[in-house]
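Below, read A as the first sequence line, B as the second, and so on, with proteins coming before strands; counting in each chain starts at 1.
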Amino acid sequence: MPRLARKFFARDTRLVARELLGQILVHLGHDGVRRSGRIVETEAYVGPDDAASHARSGPDGRARLMWGRAGVAYVYLIYGLHHCFNVVTERDGFPGAVLVRALEPLDDTERANGPALVCRALRIDRGCNAVDLTESVRLFIEDAPRVADTRVRMGPRIGVDYAGDWAVHPWRLWIADSEHVSRRSRTGSGYNPAMLG
DNA sequence: TGCCGGATCCTG
DNA sequence: AGGATCCGGCAA
């Protein structure tokens, strides 16, 4: 199965977040086991002014990878015990990334309906940080059929209430009929992008 | 150098 | 509702 190439990621972050739905995230662990899952929920973090984004700490800060080459993994530790997996987007010099929030489990993978559970299920940790997904043989995203617009929902990002006006942007995207999205996406409302005026 | 708070999850 | 538990950023 072909993997997603750099030009897929080097676009508007919200578009990448939308088109990542349905694609297959694959990690070959140190134990040689292939673990994978279909991406069913994402969030977009875009631009230098997004108050919810780690990119706010600047091009030399914690999330400097977000300012760099699209298609690279940005993995960080949160709350001292969990990992979150992102893919860098946009052109060089403009920060952006998509957080993978939930997977439908495929090969040797346990439930992954939350960003930290995604990393736990696929054994992704900071050893995966800065890996180029377009070149790595152990961490990449396979190109799977595109999900129809009618199945997509969008709503505000989770856990970023501190970000003021930026918290209300509907930059969380998920597959409406998936059993494997996070609790908030399964029970929350959300709306269809096609219904936008 | 010290402190604060977080793109979370689980248990009670 | 609260605890677990580490690290980067910012204030002093």
Side-chain angles (χ1 to χ4, degrees), chain A residues 9 12-21 23 25 27 35 37 39-68 70-90 94-105 109-131 133 139 141 153-175 178-188 190:
Chain A
F9 301 106
D12 182 279
T13 307
R14 289 152 293 193
L15 177 61
V16 175
R18 159 66 181 84
E19 296 201 354
L20 274 175
L21 296 176
Q23 312 305 313
L25 177 60
H27 182 217
R35 297 180 176 86
I39 298 171
V40 296
E41 182 174 331
T42 59
E43 274 177 3
Y45 290 84
V46 50
D49 303 319
D50 182 355
S53 172
H54 293 174
R56 66 182 127 77
S57 60
D60 298 316
R62 168 192 193 187
R64 52 191 168 279
L65 285 174
M66 287 180 69
W67 297 73
V72 168
Y74 166 48
V75 182
Y76 63 89
L77 183 66
I78 188 166
Y79 297 108
L81 50 159
H82 299 303
H83 295 276
C84 290
F85 170 84
N86 302 254
V87 194
V88 176
T89 56
E90 307 279 352
F94 187 86
V98 173
L99 170 68
V100 174
R101 287 190 52 87
L103 301 175
E104 171 189 340
T109 299
E110 298 163 36
R111 81 182 174 94
N113 55 329
L117 294 174
V118 166
C119 289
R120 193 170 77 177
L122 262 54
R123 308 284 201 273
I124 290 171
D125 60 20
R126 281 176 299 169
C128 297
N129 191 41
V131 168
L133 301 175
L139 184 63
I141 302 178
R153 296 292 180 277
M154 55 198 294
R157 295 173 293 181
I158 304 291
V160 297
D161 290 344
Y162 59 84
D165 293 342
W166 291 90
V168 307
H169 286 105
W171 291 347
R172 171 172 44 113
L173 297 158
W174 68 94
I175 299 178
S178 174
E179 308 276 311
H180 306 282
V181 296
S182 68
R183 191 186 189 93
R184 286 283 294 277
S185 297
R186 189 150 36 83
T187 62

Take A/Asp50 and A/Arg157 through the side-chain contact (heavy atoms from CB on, under 4.5 Å) test and state the conclusion after the steps.
CA-CA 12 Å; A/Asp50 182 355; A/Arg157 295 173 293 181; 2.7 Å; yes
What residues, two or more places apart in sequence or in another chain, satisfy salt bridge (charged side-chain N to carboxylate O under 4.0 Å, His left out) together with A/Arg56?
none
Please lay out, stage by stage, how A/Leu103 and A/Phe85 fare under the test side-chain contact (heavy atoms from CB on, under 4.5 Å).
CA-CA 12 Å; A/Leu103 301 175; A/Phe85 170 84; over 6 Å; no
By the side-chain hydrogen bond (donor to acceptor under 3.5 Å, both in side chains) test, which pairs, at least two apart or in different chains, include something from residues 76-86 of chain A?
none
Range-with-range stems for DNA chain B, at least three Watson-Crick or G-U pairs under 3.5 Å
B:1-6 with C:6-11, B:8-11 with C:1-4
DNA chain B contacts among residues 161-174 of chain A, heavy-atom distance under 4.0 Å:
A/Tyr162
Heavy atoms from other residues, nucleotides or ligands near CZ of A/Arg184 exceed 12 (cutoff 6.0 Å)
no
Please list, one pair per line, the donor and acceptor atoms closer than 3.5 Å that link side chains of residues 40-47 of chain A to other protein atoms, with sequence neighbours excluded.
residue : atom : partner  : partner atom : Å
A/Glu41 : OE1  : A/Ser182 : N            : 2.8
A/Glu41 : OE1  : A/Ser182 : OG           : 3.0
A/Glu41 : OE1  : A/Ser185 : OG           : 3.1
A/Glu41 : OE2  : A/Arg101 : NE           : 2.8
A/Glu41 : OE2  : A/Ser182 : OG           : 2.9
A/Glu41 : OE2  : A/Ser185 : OG           : 3.1
A/Thr42 : OG1  : A/Ala17  : O            : 3.0
A/Glu43 : OE1  : A/Tyr45  : OH           : 2.6
A/Glu43 : OE2  : A/Ile158 : N            : 2.8

Set out, line by line, the N/O atom pairs under 3.5 Å between protein and nucleotides 7-12 of chain C.
residue : atom : partner : partner atom : Å
C/dG9   : OP1  : A/Arg62 : N            : 2.3

CG (A/Leu20) and CZ (A/Phe9) are apart, to the nearest 0.5 Å, by 6.0 Å
Geometric class of the A/Trp166/A/His169 ring pair [parallel <30°, tilted 30-60°, perpendicular >60°]
tilted
Chain A footprint on DNA chain B, 5' to 3' - any atom under 4.0 Å from a heavy atom
B/dG6 to B/dC10
Residues two or more places apart in sequence or in another chain: which of them pass salt bridge (charged side-chain N to carboxylate O under 4.0 Å, His left out) with A/Arg172?
none
What residues form a side chain to side chain donor-acceptor pair (under 3.5 Å) with A/Arg18, not counting sequence neighbours?
A/Asp149
Rounded to whole angstrom, note down the P distance from C/dT5 over to B/dG2.
22 Å
Using residues 120-131 of chain A as the side-chain source, report each donor-acceptor pair under 3.5 Å to any protein atom, sequence neighbours left out, with the distance given to one decimal.
residue  : atom : partner  : partner atom : Å
A/Asp125 : OD1  : A/Gly127 : N            : 2.8
A/Asn129 : OD1  : A/Val75  : N            : 2.9

Between A/Leu99 and A/Pro115, the two heavy atoms sitting closest are CD1-CB, 4.1 Å
For A/Pro95 and A/Ala55, the nearest pair of non-hydrogen atoms, with its separation, is CB-CB, 3.5 Å
Provide the distance between the two C1' atoms, one in C/dC7 and one in B/dC10, to the nearest whole Å.
22 Å
Sequence neighbours excluded, which residues qualify as salt bridge (charged side-chain N to carboxylate O under 4.0 Å, His left out) partners of A/Glu104?
A/Arg38
Can you check nucleotides 3-5 of chain C for protein contacts, nitrogen or oxygen pairs under 3.5 Å, and list what you find?
residue : atom : partner : partner atom : Å
C/dT5   : O2   : A/Tyr79 : O            : 2.3

How would you label the contact of A/Ala116 with the nucleic acid (heavy atoms, under 4.0 Å): base, sugar-phosphate, or nothing?
sugar-phosphate
Between A/Val87 and A/Val16, is the side-chain contact (heavy atoms from CB on, under 4.5 Å) condition met? List the steps.
CA-CA 9 Å; A/Val87 194; A/Val16 175; over 6 Å; no
